[in-house]
Enquirer: 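Next up is a structure, given as structure tokens.
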Amino acid sequence: MSKKNQSGQSKNKQEKDLKKKAGKKPLPAKSESKKTRAKEPEIKKTKSKNNPKEQVKIIPLGGLCEIGKNMTAFEYKDDMIIIDCGMAFPEENMPGIDCVIQDYTYVRQNLHKLRGILITHGHEDHIGALPFFLSEFNCPVYGGHLTIELIKHKLQDKGVKQSNIEMTVLKNGDKVKLGAFTCEFIRVNHSIADSYAVAIDTPAGMIIHSGDFKIDFTPINGKTIDLQRFGELGKNGVLLFMCESTNVEIDGFSRSEKNVGKSFENLFREASGRIIVATFSSHVHRMQQIFTAAEKYNRKVCLSGRSMEQVFKIANSLGYIDMKPNTLIDIGSIDNYRDNELVIMTTGSQAEPMSALSRMAFDSHKAIDIAEGDTVIISADPIPGNEKPIYRVINELYKKGAKVIYASLADVHVSGHAYRNELMLLHTLIKPKFFIPIHGEYRMLHLHKELAQSLGMPPENIFIMKNGDVLSLSSKSGKITDNVPADAVLIDGMATGHVNDRILSDRMHLAQDGVVAVAFTVDDNTGDLICPPAVNSIGFNYDEDKVALNNAISQKCIRLLADSSYIDAAVEKRSFREHLKSFISAKTGRSPMLIFTVSHTADGAFEDLNYYGDQ
């Protein structure tokens with residue numbers, strides 16, 4: 001066959017092949033078409049979900065205009081989820097109160113809607129109220145690995161049964177569908193391991209809750225905040241950003257946790273005696289750096305403080321502590337080592353009265369006495385309002401000859417919360433349509449609102465909310481439409497409930513002026529007093545004045561009752577109390593609580609006892 005014929009046949013064959021292929025799509029194009037078609041339903045779904053008629057409710061039950069007890073409910077029709085369930089410490093005007101939690105009235109009324117509770121991290125202001133919450137409500141709990149283990153330990157410690165509580169560990173990028181909400185955990189940096197923000201895909205649009213965070217490019221565990229994911233979500237469109245406001249007052253960027261490690265190494269190298277480091281027991285990364293520095297300078301580490309021992313045990317079991325097997329020693333064996341071979345890691349960075357460091361400072365620790373030559377490092381900043389107790393402990397440590405290092409003297413602490421520039425970075429990545437500043441006192445929320453406005457957000461799209469406010473939010477608009485119960489619930493010993501103002505007022509009264517108790521004994525045969533009223537006082541007057549003043553009070557009572565035919569009725573009258581209060585105030589300049597008891601006797605036998613408190 002000639003080359004010409006071969007060429008012609010070949011050409012005809014190619015033309016046939018091309019015609020044949022023309023009826024089909026090329027494989028690569030087919031593959032691309034499939035991908036495009038796979039995305040199309042998502043785009044349509046997103047558009048339908050962002051229907052202006054679809055509204056989601058955001059209901060903060062704690063954590064706004066205050067520090068602590070963070071808790072927010074998200075509701076859409078018959079579905080509700082909650083983020084965080086923390087406690088707050090009592091304020092100065094709450095004597096005898098152990099902690100403060102949220103009012104669960106709204107949850108109780110809508111329990112049938114509750115699909116689960118998501119915990120951003122394991123600090124007390126985010127998990128501290130869970131024992132109270134889960135003892136009443138049974139719902140799934142989701143959190144990071146360390147967070148879930150800390151919750152389990154806390155529930156066990158408080159005697160809450162866990163057999164019917166579903167607890168699930170989530171990690172970066174994991175998603176869980178809870179009713180109408182699809183929730184995704186996004187890794188952030190913070191002063192505790194396994195901290196996350198939460199992205200909530202709702203029928204109204206995407207909501208991002210920051211949790212507590214900072215941006216640390218050199219974290220101890222090597223896991224940086226997932227800024228890429230925040231950027232992706234921002235590119236796709238975010239309806240609402242809820243961002244913490246703790247350090248909004250501080251310009252710039254927060255320092256890396258690694259800075260503390262460098263300071264530890266310098267201090268450990270210079271110390272000639274024992275080193276005692278006080279830090280938050282939950283700060284696993286700080287704990288790691290103490291072990292690293294100790295091993296570098298051939299020191300053993302022992303733990304002091306119940307919470308420190310518990311958190312270390314949990315963190316070590318999860319593989320979060322990298323140390324040699326023989327570095328950790330029991331506190332009971334420290335006498336077997338020279339002072340320059342020891343590091344003692346302890347609780348008490350906030351000078352809590354029963355903490356290990358406080359007991360060391362005031363000579364009540366069972367195993368450790370502060371001695372000259374000790375170096376004490378307080379690796380924490382004082383919680384606002386807690387400066388006086390901390391400096392009291394520092395003074396005692398100095399008196400005992402210790403060298404004390406704290407944040408104002410050296411770089412032994414960095415914040416776990418974002419500064420202004422970090423907040424601005426996250427805002428610009430996320431580009432939300434609406435914004436709620438959270439986690440802070442009112443001034444912090446207000447400054448965070450100003451920061452968002454400086455980045456171009458319209459002021460009408462920013463909501464400074466109060467606990468209990470209900471924000472109804474659609475893809476087009478948002479409005480505070482309701483308010484639900486969100487009063488603080490005070491935990492007093494074993495009692496849980498609303499400790500009313502009267503109880504707190506009585507306690508403050510007792511603390512300030514003490515109490516005077518007057519006991520009257522009446523002869524029922526005559527209606528007269530059998531003996532002068534017996535007066536006793538506690539926390540009111542000094543011992544040298546006590547007898548004379550008590551006698552004067554007794555005689556005043558006799559004069560006030562001189563014309564009374566029925567002593568019980570006279571003692572019960574407000575006028576009797578007011579006259580006696582005026583008499584005591586004129587004598588002492590103070591106004592103690594008054595308590596009266598009236599007992600009756602006939603023929604030498606007591607019949608009854610009537611009590612009249614200070615009304």
Side-chain angles (χ1 to χ4, degrees), residues 63 67-68 70 84 86-89 119-128 143-147 149-151 172 186-197 210-226 243-248 250 252-264 277-293 305 307-308 310-312 314-315 318 320-321 345-350 352 377-384 386 390 406-407 411-419 422-423 426 438-440 444:
I67 301 295
N70 299 294
D84 290 332
M87 54 152 276
F89 294 106
I119 307 297
T120 59
H121 64 281
H123 279 153
E124 286 294 309
D125 56 336
H126 294 258
I127 68 170
H145 208 160
L146 179 63
T147 305
E149 292 303 317
L150 290 173
I151 292 170
N172 186 42
I186 305 172
R187 184 177 58 243
V188 297
N189 301 126
H190 188 42
S191 52
I192 187 172
D194 293 341
S195 295
Y196 295 95
S210 74
D212 286 352
F213 80 98
K214 66 182 291 184
I215 297 174
D216 192 340
F217 296 114
T218 56
I220 301 307
N221 62 358
K223 297 178 179 179
T224 57
I225 181 173
D226 194 350
C243 184
E244 71 134 313
S245 311
T246 310
N247 277 342
V248 70
I250 308 176
F253 286 87
S254 62
R255 292 176 300 139
S256 172
E257 179 64 26
K258 276 200 172 178
N259 289 7
V260 177
K262 294 174 184 176
S263 296
F264 281 163
V277 186
T279 189
F280 292 109
S281 60
S282 61
H283 205 327
V284 175
H285 298 147
R286 191 72 48 86
M287 195 182 290
Q288 174 62 66
Q289 296 196 94
I290 295 169
F291 275 102
T292 301
S307 62
M308 183 70 72
Q310 291 168 346
V311 174
F312 169 80
I314 293 170
L318 296 175
Y320 290 179
I321 302 295
M345 199 187 313
T346 180
T347 57
S349 61
Q350 297 302 309
E352 300 91 333
I377 302 171
I378 300 177
S379 183
D381 279 336
I383 293 173
N386 202 40
I390 292 174
Y406 43 99
D411 292 334
V412 292
H413 179 68
V414 297
S415 176
H417 297 272
Y419 288 8
E422 294 162 83
L423 296 172
L426 217 57
I438 57 173
H439 298 185
M444 302 172 187

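What you are looking at is a predicted structure, and each value in this text was computed from that prediction instead of being measured.
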Enquirer: Just checking F217 against F253, ring centres under 6.0 Å apart?
Expert: no
Enquirer: Taking the six-membered ring for Trp and the single ring otherwise, decide whether the centroids of H123 and H190 are under 6.0 Å apart.
Expert: yes
Enquirer: So do the side chains of Y406 and H413 get within less than 4.5 Å of each other, counting heavy atoms only?
Expert: no
Enquirer: Given S210 and V188, is the side chain to side chain contact (heavy atoms under 4.5 Å, CB included) satisfied, shown in steps?
Expert: CA-CA 8 Å; S210 74; V188 297; over 6 Å; no
Enquirer: Given side chains that start at C-beta, do those of M308 and T346 come closer than 4.5 Å, heavy atoms only?
Expert: no
Enquirer: Identify the two heavy atoms, one from D216 and one from E257, that lie closest to each other, and give their separation to 0.1 Å.
Expert: OD2-N, 3.1 Å
Enquirer: Indicate yes or no: at least one non-hydrogen side-chain atom of I377 is less than 4.5 angstrom from one of F264.
Expert: yes
Enquirer: Distance from D125 atom CG to H439 atom NE2, nearest 0.5 Å?
Expert: 7.5 Å
Enquirer: Checking side chain to side chain contact (heavy atoms under 4.5 Å, CB included) for the pair I250/H417: CA distance, chi angles, key distance, verdict?
Expert: CA-CA 10 Å; I250 308 176; H417 297 272; over 6 Å; no
Enquirer: What are the two closest heavy atoms between L146 and Y320, and how far apart are they?
Expert: CB-CE1, 3.9 Å
Enquirer: Work out which heavy atom in S256 is nearest to a heavy atom in V414; give both atom names and the distance.
Expert: O-CG1, 3.7 Å
Enquirer: When you compare the side chain of R286 with that of I220, does any pair of heavy atoms fall below 4.5 Å?
Expert: no
Enquirer: Has the side chain of N70 got a donor or acceptor atom that lies under 3.5 Å from a matching backbone atom of G86?
Expert: no
Enquirer: Check whether any side-chain heavy atom of Y419 lies under 4.5 Å from a side-chain heavy atom of I215, and answer yes or no.
Expert: no
Enquirer: Does a donor on one side chain and an acceptor on the other come within less than 3.5 Å for T347 and S307?
Expert: no
Enquirer: State whether the side chain of S245 and the backbone N or O of I438 hold a donor-acceptor pair below 3.5 Å, judged by distance alone.
Expert: yes
Enquirer: State the NE2-CD1 distance between H283 and I192, to the nearest 0.5 angstrom.
Expert: 9.0 Å
Enquirer: Where do D84 and H121 come nearest, in terms of heavy atoms and distance?
Expert: OD1-N, 4.5 Å
Enquirer: Could you tell me whether the side chains of D226 and N172 share a donor-acceptor contact shorter than 3.5 Å?
Expert: yes
Enquirer: Can you tell me how far NE2 of H145 sits from CG of L318, rounded to the nearest 0.5 angstrom?
Expert: 4.5 Å
Enquirer: Looking only at non-hydrogen atoms, find the nearest pair between S281 and V311 and report the distance.
Expert: O-CG1, 3.1 Å
Enquirer: What is the distance from atom CG of D212 to atom OH of Y196, rounded to the nearest 0.5 Å?
Expert: 15.0 Å
Enquirer: Regarding S254 and E422, do their side chains bring together a donor and an acceptor under 3.5 Å, going by distance alone?
Expert: yes
Enquirer: How about F213 and S195: do any of their side-chain heavy atoms sit closer than 4.5 Å?
Expert: no
Enquirer: Can you name the closest pair of heavy atoms from S415 and N247 and give their distance?
Expert: OG-ND2, 2.8 Å
Enquirer: Would you say M287 and T279 make side-chain contact, with heavy atoms under 4.5 Å?
Expert: no
Enquirer: Within a radius of less than 6.0 Å around CZ of F89, do more than 12 heavy atoms belonging to other residues, nucleotides or ligands occur?
Expert: no
Enquirer: Distance check, rounded to the nearest 0.5 Å: I290 atom CD1 versus M345 atom CE?
Expert: 4.5 Å
Enquirer: Just by distance, do the side chain of D411 and the backbone of G261 share a donor-acceptor pair under 3.5 Å?
Expert: no
Enquirer: Distance only, no hydrogens: is a donor on one side chain within 3.5 Å (strictly under) of an acceptor on the other, for D194 and T147?
Expert: no
Enquirer: Once rounded to the nearest 0.5 Å, what's the spacing between atom CG of L426 and atom CD of E244?
Expert: 10.0 Å
